[in-house]
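One structure below.
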Amino acid sequence: MALGWFYLSCLVLGSLGSMCILFTTYWMQYWRGGFAWDGSVHMFNWHPVLMVSAMVVIYGAASLVYRLPASWVGPKLPWKLLHAALHLMAFIFTVVGLVAVFQFHSHSKIAHLYSLHSWLGITTVILFSCQWFLGFAVFLLPWASLWLRSLLKPMHVFFGASILSLSIASVISGINEKLFFVLKNATKPYSSLPSEAVFANSTGLLVVTFGLLVLYVLLASSWRRPEPGTLIDREPMLHDGE
């Protein structure tokens with residue numbers, strides 16, 4: 001029964017994650033004029049799409065790799081590689097998304113990192129970068145001892161959930177900030193809740209729902225990966241010969 005609920009949750013998560021990306025893309029395409037890579041506002045439009053895709057959806061999927069029952073038995077190496085690869089993909093998308101917004105600001109003579117959204121977002125990206133490199137060095141490479149992995153594992157798990165939470169907060173503040181800027185005219189003020197505001201707010205709710213469900217699956221004790229045996233845990237990851 002628990003297994004059935006888990007796979008149902010995965011199906012719901014896959015649908016919600018896809019909707020988060022599609023809704024963000026549609027918002028930028030339909031209301032904000034589409035995409036370009038020329039320093040214009042259309043280049044900025046890549047920023048929300050890539051950040052939602054990377055720091056929420058792909059990051060969430062990477063976090064759930066060890067919750068898959070198939071990862072509980074057999075060699076652990078393929079799942080570690082998948083976990084690291086998904087996070088690397090998220091990191092690459094994040095860098096491209098940051099390049100898009102910084103180049104737009106430079107082209108438009110807008111100050112960098114002046115808002116709460118930008119402070120929160122860049123802090124999240126810095127934490128994510130540290131988390132990925134530390135995880136790669138300690139949990140993927142074979143040099144780290146068992147006691148060091150045991151010491152850092154709770155911190156790795158804590159910061160993993162924290163970064164996802166910060167990503168959601170960054171997305172919500174970014175949606176709000178974008179709407180304040182583009183719907184401040186007299187004809188379609190944000191306070192009158194035009195169709196774009198309704199759609200963007202709905203996208204924000206989808207992101208929050210997706211993130212909360214990911215966190216629930218991560219914290220549900222019945223869905224956690226069983227701790228490996230002492231012998232397996234002592235074997236260096238890249239020395240398993242798998």
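Keep in mind it's a predicted model, so treat the numbers as computed, not measured. The chain is numbered in sequence order, starting from 1.
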Report summary line: ring pair (Phe, Tyr, Trp, His ring centres under 6.0 Å) filter on H156, not counting sequence neighbours, yields F139

Heavy-atom count check: over 12 atoms from other residues, nucleotides or ligands less than 6.0 Å from [X] [atom1]?
X	atom1	answer
W119	CH2	no
F93	CZ	no
F159	CZ	no
W27	CH2	yes

Query raised in the report: Would you call the rings of Y114 and F181 parallel, tilted or perpendicular, where under 30° means parallel and over 60° means perpendicular?
Result: tilted

Query raised in the report: Using the ring of each side chain (for Trp, its six-membered ring), is W31 parallel, tilted or perpendicular to Y26, with breaks at 30° and 60°?
Result: perpendicular

Query raised in the report: Could you go step by step and tell me if R32 and E196 meet the salt bridge (charged side-chain N to carboxylate O under 4.0 Å, His left out) rule?
Result: CA-CA 10 Å; R32 297 294 107 215; E196 180 178 358; 2.9 Å; yes

Query raised in the report: Does the ring center of Y66 lie less than 6.0 Å from the ring center of W79?
Result: no

Query raised in the report: When the aromatic ring centroids of Y59 and F128 are compared, is their separation below 6.0 Å?
Result: yes

**Report entry** Full working for side chain to side chain contact (heavy atoms under 4.5 Å, CB included) between L13 and L64
**Finding:** CA-CA 10 Å; L13 277 172; L64 295 178; 3.4 Å; yes

Query raised in the report: Who are the side chain to side chain contact (heavy atoms under 4.5 Å, CB included) partners of L166, not counting sequence neighbours?
Result: L120, T124, L127

Query raised in the report: What distance do L206 atom CG and F23 atom CZ have between them, rounded to the nearest 0.5 Å?
Result: 5.5 Å

Query raised in the report: Would you find a donor on one side and an acceptor on the other, under 3.5 Å apart, between the side chain of H83 and the backbone of A62?
Result: yes

